[in-house]
Every structure is written in structure tokens, then in C-alpha cells.
Amino acid sequence: MKQNEITQSFDVIIIGGGATGAGIARDCSRRGIKTLLLERLDISTGATGRNHGLLHSGARYAVTDKESAEECIKENMILRKIASHCVEETDGLFLSLPEDDLSYQSKFVEACNQAGIRAEIIDPKEALRLEPSANRNIIGAVRVPDGAVDPFRLTASNVMDAKLHGATILTYQEVIKIIREQNRVIGVKVLDHKTNEIKSYYAPVVVNAGGIWGHNIAKLVDININMLPSKGALLIFGHRVNNIVLNRCRKPADADILVPGDTICLIGTTSSKVPFEEIDHMRVTPEEVDVLLREGEKMAPILAQTRILRAYAGVRPLVASDNDPSGRSVSRGIVLLDHATRDGLEGFITITGGKLMTYRLMAEWTTDLICKKLNLSAICTTATEKLPGSRESIEEISKKIISVPLTQRNSTIYRHGDMADRFSENTPLDNSLICECEEVSVGEAKYALNELDVNNLIDLRRRTRIGMGTCQGELCACRAAGLMSDMKKICTNRAKADLTSFLNERWKGMFPIAWGDTLRECEYTAWIYEGVCGLTSSSKK
Amino acid sequence: MNLQQHNISDNNFEQCIKCTICTVYCPVAAVNPNYPGPKQAGPDGERLRLKKFNFYDESLKYCINCKRCEVACPSNVKIGDIIQAARIKYSKKQPKFRDYILANTDLVGTLSTPLAPIVNTTLGLKPVKAILDGVMKIDHRRTFPKYAFGTFESWYKKVAKKQATYPGQVSYFHGCYVNYNNPQLGKDLIKVMNAFNIGVQLLEKEKCCGVALISNGLIKQAKKQARTNINSIRKSVLEKKLPVIATSSTCTFTIRDEYPHLLDIDNADIRENVELATRYIYRLLGQKKTKLNFKTGKKIKVAYHTPCHMEKLGWAYYSIELLKLIPNIELTILDSQCCGIAGTYGFKKENYKTSQDIGEPLFKQIEALDIDYVVTDCETCKWQIEMSTSKQCEHPISILANALE
């Protein structure tokens, strides 16, 4: 570890590159604040990248948590406008199965209406016509404005807009110390994982947006936030079985949401408390897989015969209210803590709780508080100004790159919106595919490598979907590693190690569900990389 | 654990493990860069089409439906079926007038046979070819199969009574080619069957099997004709207890496999009783101790070409083994590869180059051999080989019939 004293000053330092951190960086930079965002890994590696990708209408919370429901529907409508390229307007159905109490339906619809959520009871036959994969025995159905949202793209767009407005975004920078001067926070010390250097950054305001890891960040200044890590496991199926979000019309429980997301669909989630020591090492257990499948099949019986691609788990940052150390009254609402008033420590703010759906609102509240501390009066524009990628209609973008092969054109526009015309030089090489399952071209990967803060193959996957298809890296991983080496992004030695960590990360998700065709494909992939390419087991850890 | 382990997905494409062997064996992908290849057009594309219909790519029309991808696939994915089914489900392109003419073999055959000498001459004229090329987009370099003067069905009427007198009986699905272009092949089959003391009957009503209708997107009509054929076959197999044999490998394959897979027509009750003439005869030779009396003729040198649908059926063996029975035959087995015509595909102007490029290695192999005939079970392969090489091409049944006393 080198002790190089590299220092730089900003108005605000944000710790955490999830949706919330990226949202704050966007909001701050748009309000003219000199912003630095620090992330210990890649952007959207925490809970942001490990959820359903559900664009909640708020209906799920309507009965139990009206405040969250109202926030959801408002943000839902905003995201449709500002992040149209990250959102798919699928609508959602709340299904009552024969074992469910149909009287809950009227209570549910009434609560939705009160929260301002359009909820329309439809005939079960009509519901089955709209969504043929739904259980044919349903006794009731309510249609709500749910949708799908891609958290990776959403976060990346926020980062992009922040950078366009002058923000500095640094990934693989882990905050190891918060620098204090008496009762003020004045900056942070970070470990740069890329160079192994220690650096210091200074700013009058430091924001802790670390999600569940925010607990540890606050600990650095001896502040206790009563957080409860709650694990949620999900299964990804190989293709879409549904095109409308399916929910159970009952009190929220395990595995009662099936979301169509891009080329796949996801069933989730479970909910269990985990100790802080485990939050960096989430593994999905056989029991969780069983619950997800058993409950999922009830909503969409076809899931029993559909190939599962992966299992994964995220950690929700649930916060217990300050006056309840037992943690019983847990809220899923937004928690914004000004540590000056709460703990007598100036210049330090924690934003946590909340949901992906409310990331923008959380950023707005946080930025309002930052402005107050900096004595600024700039107003928030993030609810009206569209994100990069969402500024042109699909038809317009499609016309611009009409000569790109159709499936590839549709896929890139779906992923990058109006940025899709940036990266295609439309040469045969640029139009050749790296990832065949998800139709990711060389041109798209080059764009991501050059402009989207990609440091390794796993980062590249989050920006493009390389390796997210049914082959899980079998064909694309070595092509992508080759391209990265060609572009001098990594040296050959690192490429080999990178390939290994990429494949191990893919295997981690397949391991809990490794049977049938998924297992066959794993075996085949192992054979290619070990047997043909000579990636040895020792380099596979 | 493993709640799923006994459940097999209806979505056969999920069994694909992306080994890409299908694309290696695809004759089109090798020569036409506009075709994404079976893996991408099939299992990969299907997954995207399930996301949204607009992922359907019209370049799927380049698939020649040879099914060599399915033969190559180690995971038993019905790749060719997935591609054809997607064309049926998603294609918005209306068949052109040309496609209608090419696909309606019955109609065109019925109109042409009474005027065969005139039609054949006219279709060979350069100005006519130029018009067909310019107006209809039927490539001017393509030679047309000759029409016969009078159909097989009308000839058969004269021999029907005699055929009924044989102790054994079998039904014959002759197909459009025998009926309108090559009645001699039908006559040859009757000669061979009669040598076994088996008489040949025709089906009560026979329509074109519909393979050209399917590939040209005329699905409604294909279904209608398929139902007519299946009803006639049922009468023969279930009521009269007579199996149905055919001389065309493509007709056989279409009735057995494409009807249930692409047209949703259930044929499970009769499928095993529809087979290729050479297979029927081979098995007959195995069962009965019937011996065929061959002429002690002069030496004949032939090369057998395996049509794609024979490869898919896995039945080339039977035709080859029958040929080997002929005394004084010198038989070469050509590499199993597509000739490129794929039914009506090669007739279309836009496909001519692809079609000839696909067949090129086969043509070269044929030209390098010193042979009298190329032998094959498929009529369109015959046209392609005769047009593209200097050799004449015959059906194994015709070769067999010629060798018999």
C-alpha cells in the first residue's frame, strides 16, 4: 500500500455508487455543486443491481404502507418520462388464486385508489387473455401500472448525466477513513483498489449513500445507525414466460412477484435477516430455491418447466427507527439523517432505507439538505429533465442506425436508447457480435469500454448484458476479454485473471440451480475454458 | 430440491447449449452473410421473439429448411422447425404472385401437362426467360423441369384394373413431380412392386404434399391440402390396411414430420405407415424370401447423392443398399451435402447465387467422377444436378426397374 498524499477538494463527496448515490451526483451536479462520487467496487453492485427490476406502481404497499405507495406511484410516473429507455411499460396484474381470500381484493383496490394508484378489477378471463402464462384457476385479477426497470442502465444514465454536468465519478475507491476536524467532517481517505494508493479528498459535506454498507461507513465516525440487513433471493429464468408483471393479491409474502425484464423473467423474493458479517457473501440456499419455485409455479405454472439461468440475492438496507432499538418497527420508507442534528457531527449526512423506485426522490431530499448546508438555493430539475438515452423516440434512433441488422438494432436501442447511434461505426467488425444471446456487438462493447467507466469484464456485463444470456459467458467471455486486450484496457495477464473471475462469478449464480440443461451448459463451458483454452483450475481459484 | 428435474420444457429451444455445431453444418450460412445462421435464427432468435415480436427478422426467409442443423444438433433442438414456425407466426411479407405460381404445383401442372410440348419449348425460350426474370423474378439462368404430355394419374387409369389383381397391395403417394413431370418414375415403381407380386393403388384423393406452400408462406392452403391427404392416407392405412409408399423423399418427410410440427396436423395414427419406397422394398426383401431377377446387363457406374430430407429421415441407407443389389453396378457415395435448390428456393432470382454457391462443392465432386448417372431420391435435387453438371440424374427406383428382367 503506497501512502501517496493525493488531495483534491470538492463541495460534496458522495460515498456509494448505487442508484441513490448516482442520483445524488446527478442532482448535485445539475445544481452547480462540485461533486465527487466514490464507489468501492463498480456502480450498481449492491442492492441496486440485486433486486427485481420492478417498476413498482406502489400497489404492493398500498394496504400496509400508504406513504411508500404514494411515493412509488409518483416516482413511477416520473421515471416513465425521464428514463424511458430504462423502463418497459408492461403493466401489472394482482392475481387472486383459489387459496387466496377474495375479500382482500376490494380492500386492496380501495387502498390503491386512496394512494392515487389506478387499480382496475378485471375479469379473470380477460386477465388470462392479457397474460396467458398466468394460472388458469385464478378467481380474481386487478390491473395496475407496474412495469420493469433496468437498474444497471438507470444508474449508468445518472452517472453519465452527472459527468456531463461536471461531476467526478471514481469507482474501485474504498473509503477507509472519514477525516474529522473537531465536530466537523471535512473529507475522506480512500484506498484506490486499482493502484493500491491511499488518497484524500476534501469537501464540506460528505454523504453516506452506502445502502446496507452505510452502517459500516457510519461506524468510521462512531455513529450507529440501527440497520437490519434483510436478504432477498431471486431466480432468473432463461426467457420471458410473461409480458405483464404478475403479483399475488394478498399481503406481501415470499416469491409473489414475477417480473419480465429484458430477455428474461425473475421470480422473487424471499426475506430473511442476515448478520452484517455476511453481507458481502450472499449465497442462495436450496430452501430458498424451493420456496421461489414452489410459490412461483402457483402464479405461472409454466415456470415448473422453464429453464432457470441463475439464482442471486441482495441485501435490503432496512432501518429501525431511532427510538426502537429492538428493530420491530422496521420501515421501508426513506431515511435521511442529518448527523449534525442527530449526533452533533457537522458535514455528514446519511441517506438510506427507501427503494430503487424512490432513488430520485431520495436524491432530491438529500441534495436539498446539501444545498441548505452549502447555503445554496438552486432547485431540483431531475424530475423533469430526461436522462441521457431517453431524449429521443425509438423510431428516431432506429432511423439513424437503420442499416444495423434488425435484432442487433432493437437490442442496442432497448439498452442504450438514443446513445445507440453513438457507438456504431457500422463497419462489419463493429457490427459483429460478441454476445450472441443478447446481441451485443463489438461496437457496443467498445462504446462501453470507452465511455462507461468499465474496468473489467464484470463491469462490461453490467453496461451491456454480455454474459447475461442463456450461455452465461460460454461464447462471449473470451471474445470480450480479447477485445479489452486489443483496446489496451487490460494486459494479457490481467485478461486471464479477469476471465477467471468473470466465469467464477457466473458459476456462483448457476451453482444453486445447477441441474438439467443449465448444468449441461456449465459442463460445456468448463470444458471449453479448461480443456480448450487452457484456463487452469489453479487460475480458477 | 430439484423440483424441476422431471419436467421437460415445451420450449425445445431451451435445450440449446450454444455449441454452434448447427451453424457449422448450415449450407446457407456458409455462403450467404445475410443469413444469421440456424443458432441465431432458431434458439437465440426465439428467445428474443418471446421478448417482443419485432425481433422477428425477415432474413429468416433465407433458411432453406434442409434440417441439416437438426441432424447436427447434439441437444435434439428442432432448430429448423423453430425457424419455419417463426416465419409462419411472425412474417408479415405477403407471398408474391411468383411465390403463388411456384408453390401451386398442382394448378400449374394441371394447366401445363395437356400443352406440355408447347409449354416446355416456350419455357426454354430466351425472351420468355427474360420476361420471367424481369417480371416474376424467376432467375433466367434456371432451367425448368419438363412437363409430361399427359399425367401419371390419367395413365394409371388404364392399368388400375390389372393392378387390383395382384395378391399383395400397397398405396402410392406419387407426388406432383411424378404426376406432371416424370410419370415414368411411377411406372418404374409399379414394375418393381409387381416383381414382388404386389399391385399398386393410388390414394382416393391426392393433393400436393404442400412443402412448397409452407416455404412460400401459404399456410392456410397447405393445411387444407394436408387434411385432404391425411384423410386419404387414413382410408388406405386404417380401413384398407394398406401402407402408403412414396418415391419422393421430400413428400415423405413433409407428410411424416412437417404436418405435425409446422401445420399442427396430428398424424400419429398413420405416421409409421407412410414411408419411402426404397425403405419399404428393402424391408420386404428382409421379410420375404423374394428374390429379384436382374438382367445380366452391362456395367453401370452411378453416384448416390443424399438429399437433405433423406439425411433428416436417416433413410439414405435403404436406397444405397438397394442399389448395391444390382449386379455389375459401381456405386460411389457422394459426400452428404446440400445441392442448393431447396424446392422453389433456387428458382427465385434473389436466391439464385446462394443456391448455386451452396451446390458448388457437390457439382465439382460429381464432375470429377467418371459415372453414367447421379442417383437420388429427390426430384428437385435432380433438376439442380442436371442443370448444374453434365450428368443425368435418376431415381433409385428407376435404376432398379431398368436392371430387372
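Naming convention: chains lettered A, B, ... in sequence-line order (proteins, then strands); numbering from 1 in each chain. These numbers come from the heavy atoms of this one structure, side chains and all, not from hydrogens, waters or symmetry mates.
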**Message:** Once rounded to the nearest 0.5 Å, what's the spacing between atom CZ of A:Arg409 and atom CZ of B:Phe55?
**Reply:** 10.5 Å

**Beyond-backbone contact of A:Leu433 with B:Gln40, side-chain heavy atoms, under 4.5 angstrom** = yes

**Asked** Is there side-chain contact between B:Lys51 and A:Tyr414, with at least one heavy-atom pair below 4.5 Å?
**Response** yes

**Request:** Under 4.5 Å heavy-atom distance to chain A, tell me which part of B:Phe13 shows up: side chain, backbone, both or neither.
**Result:** side chain

**Max heavy-atom pair count under 4.5 Å with chain B, selected residue of A:Thr518, A:Thr263, A:Ile528** = A:Thr263

**Message:** Can you confirm whether more than 12 heavy atoms, excluding those of B:Tyr25, are under 6.0 Å from its OH atom?
**Reply:** no

**Prompt:** What part of B:Ser75 is in contact with chain A, defined as an atom under 4.5 angstrom from a non-hydrogen atom: side chain, backbone, both or neither?
**Reply:** both

**Request:** Measure the spacing between CG of A:Asn242 and CG of B:Leu50 and express it to the nearest 0.5 Å.
**Result:** 11.0 Å

**Prompt:** Quick one: does A:Asn410's side chain have a donor or acceptor within less than 3.5 Å of a partner on B:Asn54's backbone?
**Reply:** yes

**Message:** For B:Ile88, is the CD1 atom crowded, meaning more than 12 foreign heavy atoms sit under 6.0 Å from it?
**Reply:** yes

**Asked** For the residue pair B:Arg47 and A:Cys437, what are the closest heavy atoms and their distance?
**Response** NH1-O, 3.4 Å

**Request:** Would you mind checking which part of B:Lys39 comes under 4.5 Å of any heavy atom in chain A, side chain (CB onward), backbone (N, CA, C, O), both or neither?
**Result:** side chain

**Fill in**
Heavy-atom nearest pair, A:Thr407 first then B:Asp57, reads CG2-CB, 4.5 Å

**Prompt:** Does atom NZ of B:Lys224 have more than 12 heavy-atom neighbours, drawn from other residues, nucleotides or ligands, at distances under 6.0 Å?
**Reply:** no

**Inter-residue atom distance B:Gln15.CD - A:Thr470.OG1, 0.5 Å rounding** = 12.5 Å

**Message:** Testing the basics here: between A:Arg520 and B:Ile17, what is the closest heavy-atom pair and its distance to 0.1 Å?
**Reply:** NH1-CG2, 3.7 Å

**Request:** Carefully, step by step, assess B:Arg49 and A:His239 under the rule side chain to side chain contact (heavy atoms under 4.5 Å, CB included).
**Result:** CA-CA 10 Å; B:Arg49 294 187 286 269; A:His239 64 267; over 6 Å; no

**Message:** On a heavy-atom basis, which atom in B:Lys18 and which in A:Glu474 lie closest, and how many Å separate them?
**Reply:** O-OE2, 2.9 Å

**Message:** Between A:Glu439 and chain B, with a heavy-atom cut-off of 4.5 Å, which part of the residue counts as in contact: side chain, backbone, both or neither?
**Reply:** side chain

**Greater than 12 external heavy atoms within 6.0 Å of A:Tyr524's OH** = yes

**Request:** Starting at CD of B:Glu14, measure out to CD1 of A:Ile308 and round the result to the nearest 0.5 Å.
**Result:** 10.0 Å

**Prompt:** For B:Cys16, is it the side chain, the backbone, both or neither that has a heavy atom under 4.5 Å from a heavy atom of chain A?
**Reply:** backbone

**Message:** Within a 6.0 Å radius of atom CZ on A:Arg283, are there more than 12 heavy atoms belonging to other residues, nucleotides or ligands?
**Reply:** no

